[in-house]
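Contents: one structure, followed by commentary.
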Amino acid sequence: MASKNIELEILHVDKNCGARYGILHTPHGDVEFPMFMPVGTQATVKGLSPEQVKDLGAGIILANTYHLALRPGADIVEKAGGVQKFMNYKGPMLTDSGGFQVFSLAELRKIKEEGVIFKNPLNGDKEFFSPEIVMDLEAKIGADIIMAFDECVHYPATRKYMKDSVDRTLRWAKRCKDAKVREDQALFGIVQGGEFPDLRKYCAEELIKMDFDGYAIGGTSIGEPREVEYKMVEYTAKYLPEDKPRYLMGVGSLDMIFDGISKGVDMFDCVLPTRIARHATLMTSHGRININNAKYKEDFTPIDEECDCYTCKNYTRAYLHHLMKCNEQFGKTLCSIHNLRFLIHTMEQAREAIKRDEFMEFQKEVMEKFGSKRGF
RNA sequence: GCUCAGUUAGCUCAGCGGUAGAGCUAUCGGCUGUUAACCGAUCGGUCGUAGGUUCGAGCCCUACACUGAGCG
């Protein structure tokens, strides 16, 4: 069943690369792309109120089907009126299907043709996730965009394993498509295939035949070398239809986001900014810093002079150093606010650059200032 | 004053015959569709002092000094 309530409106494509700017219309509001989507796995972006997340300029945020199904249960979220109402987020949401947990909880699951049996890490119970079950769960949770149930494959994988997995993911994708019930939700298919160009192409083409509402690039940022990661995106992005949203899953490092944008990717999500923030690493326009380092003890300047976030406008590095050293929750909150705003603000600037056909110059400028050693 | 117990890394403590360990702290690093307020590395001690027994002593003995508890 195709979605009637999501629409991709492309307003401009950069003349010098594949970067595109536009508006994605969803049942819970319009959002501009390219966009970065903060992750709130358990129906909360850790440490932040929904209002704080909104104030950062966030559009779509994520929640996770697997984790919400285990606790509190999809029925509870449904009774609450859907995840947006449940967590009081006044904006569009997207749920990941649990496909990433097939990867991250590898030691607690068994993959079968029918679906995946997980051992519940909370109580040891066996939990079965099939495409049909996941579609039911995602319908109950009620996000605007729902992801197909896939297998995020470990890197490195043999060609044979990857081919078999891609075929299974494709069969699961078809089953998801057939089992989808709500018209007001958009269903995205996920391209797998690892580092194998022909498998990426094959997976993309087969998914496109099924006609999804959007397409995601999966299986990246799971420990592979950077060069491999760039290639995975390259091998996939070029086959995705221009009139549908393109989503690079799990990517939050600046260099990878920029690379994705230049290849026409519209959406990115990642736990990185919030996770490293809780662990004291901050993104700045001049590279990453660890606010726990002793050198910040008496540094009474903001994290980043160029940042317009609440944290930078009101607090010093010395204060954040103190809070993080004391393991105070407020420190984690302030650091999370900064990192998320850093990425979201960068995306705002990227959109402006695309409109001017200057995305490539913008990317070069930001990365040079950031430092060549890494993009997080 | 007497009787016990104790004195080992900055802190809290293991180790009770074969030349020292942990956790925390400190100093750093890593986290990418969140099992992550997590994980890892490094720094750090002539084991209260002085003698003695022993091939060999944080570990046993003696004295002293501190600390704590109890009794006078």
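Every chain is numbered from 1 and lettered A, B, ... according to where its sequence line falls, protein lines coming before strand lines. Note that this is a predicted model, so its numbers are computed, not measured.
The side chain of Thr41(A) contributes an N or O atom lying less than 4.0 Å from OP1 or OP2 of rU34(B). Close to rU34(B), at under 4.0 Å from its OP1 or OP2, lies no side-chain N or O of Gln42(A). The phosphate of rU35(B) has OP1 or OP2 within less than 4.0 Å of a side-chain N or O from Ser104(A).
Between the P atoms of rC66(B) and rG58(B), the separation comes to 25 Å (whole Å). Rounded to whole Å, the separation between the C1' atoms of rU7(B) and rG15(B) comes to 15 Å. Here, rU42(B) and rA65(B) have their P atoms 43 Å apart, quoted to the whole Å. Between rG40(B) and rA36(B), the two C1' atoms lie 13 Å apart (nearest whole Å). Nucleotides rG6(B) and rC59(B) place their P atoms 14 Å apart, quoted to the nearest Å. A distance of about 25 Å separates the C1' atoms of rC43(B) and rA37(B), rounded to the whole Å. Nucleotides rA57(B) and rA50(B) place their C1' atoms 15 Å apart, quoted to the nearest Å. As rounded to the nearest Å, rU25(B) and rA9(B) have C1' atoms that lie 11 Å from one another.
If you check rG72(B) for Watson-Crick or wobble pairing at under 3.5 angstrom, you find it has no partner at all.
The shortest side-chain heavy-atom distance between Ile141(A) and Glu78(A) does not fall under the 4.5 Å cut-off. Counting heavy atoms from C-beta outward, Ile145(A) and Met267(A) have side chains that approach closer than 4.5 Å. When side chains are defined from C-beta on, Tyr89(A) does not count as touching His28(A), because their heavy atoms never get closer than 4.5 Å.
Nucleic acid contact for Glu151(A): none, since no nucleic acid atom lies under 4.0 Å from a heavy atom of the residue.
Below the 3.5 angstrom threshold, one finds a donor paired with an acceptor across the side chain of Thr274(A) and the base of rU34(B). For a distance-only test at 3.5 Å, the side chain of Asp150(A) qualifies as a donor-acceptor partner of the base of rG33(B). Looking at Arg226(A), its side chain comes within 3.5 Å of the base of rU32(B) through a donor and an acceptor atom.
Classification of rG58(B) as syn follows from a glycosidic angle within 90° of 0.
Of the candidates rG29(B), rU35(B), rU32(B), the closest approach to any side-chain atom of Asn293(A) belongs to rG29(B). Checking rA37(B), rU27(B), rU34(B) against every side-chain atom of Val39(A), the shortest atom distance belongs to rU34(B). Nearest to the side-chain atoms of Ser97(A) among the listed nucleotides rG29(B), rG33(B), rU35(B) stands rG33(B). Of the candidates rA37(B), rU35(B), rG33(B), the closest approach to any side-chain atom of Asn327(A) belongs to rA37(B). Counting only heavy atoms from C-beta on, Leu105(A) has its side chain closest to rU35(B) among rU34(B), rA26(B), rU35(B). The side chain of His279(A) lies closest to rG30(B), out of rG33(B), rG30(B), rU27(B). In the set rG29(B), rG33(B), rC31(B), rG29(B) carries the atom at the smallest distance from any side-chain atom of Asn290(A).
With centres under 5.5 Å and a plane angle under 30° as the test, the ring of His67(A) is not stacked against the base of rU34(B).
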Let's go through Glu151(A) and Ser165(A) carefully: what are the C-alpha distance in whole Å and the side-chain angles of both, what is the deciding distance for side-chain hydrogen bond (donor to acceptor under 3.5 Å, both in side chains) to 0.1 Å, and is it a yes or a no? CA-CA 7 Å; Glu151(A) 179 193 355; Ser165(A) 173; 2.7 Å; yes
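Although no hydrogens or angles enter the test, the distance criterion places a donor-acceptor pair under 3.5 Å between the side chain of Lys180(A) and the main chain of Gln185(A). Using modelled atom types, no side-chain atom of Asp269(A) and backbone atom of Val39(A) make a donor-acceptor pair closer than 3.5 Å.
Heavy-atom nearest nucleotides on RNA chain B were determined for Cys152(A) and for Asn292(A), and the one closer to the 5' end corresponds to Asn292(A). For Ala280(A) and Leu108(A), each mapped to the nucleotide of RNA chain B holding its nearest heavy atom, the one lying further toward the 5' end belongs to Ala280(A).
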